[in-house]
Amino acid sequence: MTSIAIDRAGVSSVPQSRLRIMSRWVPFLFLLPVAAELIIFRYIPTFSAFYHSLTNWDGRKKDAFIGFKNFTDLFNDNVFRDAFVNMAKYTSLRTIAVLLFAFIAAELIFSIRNERVRMFWKIAFVIPLVVPRSVIYLMWAFIYDPQVGLINEALNLIGLGAWQQPWLGQSSTALGALAFIGFPFVSSLAFLIFVASLEGLPRDIIETAQLEGCSIWKRIWNVDLPMLRGGIVFVAVLLILEGLQTTEPQLILTRGGPGTSTELPAYYLYRTAFDYGKFGQACAVGVVMLGVGLIFTVISMWLRYRSAYDVD
Amino acid sequence: MSTEFRALKRYAVPQQFALLILAALTWYPFLFLLATSVKSPNQFFENYWWFTFPFDWPNYAQVWPKVSVAILNSAQYSLGTLVIVLILSLLGGYTFGRMKFPCKNAAFLCVVALLMIPGVLTLVPLFVEVKALKLLGTPWALILPFAGFEIVIGIYIMRLFFERLPGELFQAARIEGANEVQLLLFVALPLALPGLGTVAILDLLFTWNELLWPLITVGDATKMPVAVAALGFKGEHQVDYGALFAAYVSVSIPLMVIFVAVVRKFIKGIEGI
Amino acid sequence: MATVSLQNIDKFYGRVQVLQDINVEIDDGDFAVILGPSGCGKSTLLRVIAGLEEHQRGDISIGGAVMNATPAAERGVGMLFQSYALFPHLSVSKNISFGMRMRGESKAVIKERVANAARILKLEPYLDRLPKNLSGGQRQRVAIGRSIVREPKVFLFDEPLSNLDAELRVEMRLELAKLHDSLAATMIYVTHDQIEAMTLGTKIIVMHLGKVQQVGTPLEVYYQPANRFVAGFIGSPRMQFLHGTVQGVTAESVRVSVPGVAPGIIEVPCEPDGLKAGDQIEIGIRPEDLHYRGSEEVRITGLTTVVEYMGHASYWYGHIAQQDRELVAHLHRALRVDRGSEATFTLNRADLYLFDTEGRARRRLQVDNENLQTQLAAAIA
């Protein structure tokens, strides 16, 4: 019955089955459309951006290689430097605010025992997530409106009319006002991820902490926060990357002004390319942004995995 | 939601009060928007803060022609993207999650590494490329680049999803004689529906919201999606806040309706990631 | 219906060898049980037979045809998984007919075979239900139904009862036995549960560390274990071991001295098979062979550690001081002995098991069991 000689000392004597020979190609066949899409619309533009950041490309004439001139020009440009400083302020302010409020709301919901009630609050906070962001910004344009805006009207109502400001129209408040858009920041994926992570905590750990006489504040500080480290860092990375790419408030509300007070690098990139036609220079801005993003991500990952207890 | 309201009453605790304040701050601007959208200009100055009666519906009739065009445009772009994203996420997620092949980890890394590449980096080259491919002026100028961004997270989510499914289901189908394509269509696809639902919502949120890309690639004002069209309303209805806000509310409604229907499953799906 | 023959099967995961030179012949109509502790390679062997995993050396033949290169679907095997692997999105009838639909059988054939399987398995009222609306036992029957409509040559079962509660497990065990009788099909069944193995199997394949330890009928592996592993693995509570020294041999017995056991020299009726005076050996004692203060010639006295009363029986746990080893006795009545006091047990010298230092068993010659005699006689005939 033995049709194949068995070489006890040597290599495999079992031929590959027909199915396996065929199925060897199937994964690659399935991945082909994925690869095509990603190569054409993600990888080629990415490499193109790197290459063109070293050229004086304008999208029409043949481009010439100019070395790092785009980068030196950038760092000598006051507007770009302002944009960079603004980005640091805007992103850190927003990241901290969103993390804080999303976490507070998540803890408040987590402290409710009834699952139905928890679901009610989650739904209540998540629904506004689908309002188009343009509409949100336009809505906040109205909220900040100097004549009929909600904030100034509210100040008037409580007798603080003297505090009324053209919130977006003066350099002292414009950037802060942009960072404040979306207050109280609960309607976000960050919030959902925090609630999910908290609900994923083993109840017996929480109950042990209670039995050990741990107050709620101590528990949040000593149990919840350390155990949520993964979720917090993940959300922080998302928020930082989002901050780096922000163009919408400028496009919709401020056009980077007054002066350069709300200029951000991503919007600067957009204008460099589509207002001034300097495509090569715009690519250089993109490369700088990628570098900044990578640095933040690496730092976050380091914070995440440094003496982490939950990964090997 | 009525059962939740009932449960809410029984569990009135201090935390609920704090949540109520956060919810009020979150929701009031939207309610203000809604209230103003059904006010005549006079009503707006009569009672600024809250709903006035009777509702002034002509605001909606006035903006509907333009709003409906924008919604149809957005629907076209979003559905086109959605179909591609779902097909490719299913293929990619299934292949990475359930098949063995050489260089699998390296290939997967090539996909997820794209999460680190910000959209602004490729904004200009992608624009030039789409122009060179003669896609400008067609829906594909939006659909294909959108899909390129969305399938990355889609494949990641679907891989996790497939890895958590019991392998025995696929082995059983194989023993029963299903070939690879049958396995994909009759076993993987039906089992993957919950995961694809999560991917679909994330994708819709992205495409419905994207502002910058249509702004630079769509030249024709009648082809603009809602995110861009909403900006145009502001110019048209300068101080006619009723009409302006009616337009904002109208463009928000389609996705809201879909989302309310699936919000529980979406929350569960996000919790599974 | 078919024989299954495994010859020199080797399988590696990377550099780790998980199956080592497996040689087993399973006859047409056998209910072969692959029994072993977790991690012994038993499920891997089953999956190799099914064609779900490839092996590196050796031949698998089903019904006389070598199947090494044949895809799982074409081997003519039906497989029942531990989780049943029912498609949650398909109704019972769609689950049962899945394979036929994949192969594009005609509607009429599908309908007839599904109806037939449903009748045999008493699933007729549930054909339109989804798996989530079925009980554990019904799900298992659906999984069986999915296998039998394909009329496979061999049924493979991967621990199919381990997800059921104790009561249902007994019930399904009986159903599987009945199914085997009515189909008269060859079945290969993987389990770690020796009771399932003993009650269901016509042939038991005991595996450990990727190797076959013994192939035999249930009573053979119980009364004539091939080695210390098999002897210790089968039987509950487990066999206990004491060490001793060979004092002399005859053609049909080995005389041994075992510290702590009287008399000083015990003549164990077994084949010496190379043993000689002075060799170290181990004797095995099954808890159920010990009798409290009986009349048999072999006597052991131990210090009581604890006695567990089970109602219908009691387990005595004690310590043999001369050996520093533990002893367990399974007694058929409540035994009143205080902790720390001495208790004496007796047993028949023919009930002793003998192992050399490598763990290899010596063939026992006076196995005093009528059932076994008839069983062995039947096997020889």
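Lettering follows sequence order; numbering is per chain, from 1. If you're wondering where the values come from, they're calculated on a predicted model, not measured in any experiment.
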Pick from [options] with the largest number of heavy-atom pairs that fall under 4.5 Å of chain A:
options	answer
B/Leu144, B/Val228, B/Leu33, B/Val263	B/Leu144
B/Leu115, B/Leu25, B/Val181, B/Ile258	B/Leu25
B/Ile155, B/Leu205, B/Leu22	B/Leu22
B/Trp208, B/Tyr28, B/Phe149	B/Phe149

Taking side chain as everything from C-beta outward and backbone as N, CA, C, O, which of these in [X] sits under 4.5 Å from a heavy atom of chain B? Side chain, backbone, both or neither.
X	result
A/Phe274	side chain
A/Phe28	side chain
A/Thr297	side chain
A/Val148	both
A/Leu29	neither
A/Leu269	side chain
A/Phe101	side chain
A/Ile143	side chain
A/Ala141	side chain

NZ of B/Lys104: more than 12 outside heavy atoms within 6.0 angstrom?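 Yes, NZ of B/Lys104 has more than 12 neighbouring heavy atoms, counting only those of other groups under 6.0 Å.
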Start with the C-alpha distance between A/Ile127 and B/Met256, add both sets of side-chain angles, then the distance that settles side chain to side chain contact (heavy atoms under 4.5 Å, CB included), and finish with yes or no. CA-CA 7 Å; A/Ile127 295 268; B/Met256 187 80 86; 3.3 Å; yes
When you check the gap from the basic side-chain N to the acidic O, do A/Arg118 and A/Glu199 get nearer than 4.0 Å? yes
Residues A/Glu115 and A/Lys122 bridged, charged N to O under 4.0 Å: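 Between A/Lys122 and A/Glu115 there is no salt bridge, as every charged N stays at least 4.0 Å from the carboxylate O atoms.
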Could you give me the CA-CA distance, side-chain angles and deciding distance for A/Trp57 and A/Tyr51, then say whether side chain to side chain contact (heavy atoms under 4.5 Å, CB included) is met? CA-CA 10 Å; A/Trp57 194 31; A/Tyr51 169 73; over 6 Å; no
Looking at the rings of A/Phe194 and A/Phe191, which for Trp means the six-membered one, are their centres under 6.0 Å apart? no
Below 6.0 angstrom between ring centroids: does that apply to B/Phe32 and A/Phe142?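 Aromatic pair counts; centres sit under 6.0 Å.
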Taken to the nearest 0.5 Å, the spacing of B/Asn209 CG from A/Ser134 OG works out to 7.0 Å
What's the separation between atom CG in B/Leu211 and atom OG1 in A/Thr247, rounded to the nearest 0.5 Å? 6.5 Å
Taking B/Met99 as the fixed residue, which of B/Phe162, B/Tyr94, B/Phe170 is the one that meets the side chain to side chain contact (heavy atoms under 4.5 Å, CB included) rule?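 With B/Met99 as partner, B/Phe162, B/Tyr94, B/Phe170 yield a single side chain to side chain contact (heavy atoms under 4.5 Å, CB included), made by B/Tyr94.
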Which atoms of [X] approach chain A - backbone, side chain, both or neither, heavy atom under 4.5 Å:
X	answer
B/Phe30	both
B/Leu20	both
B/Ser252	both
B/Val251	both
B/Val249	neither

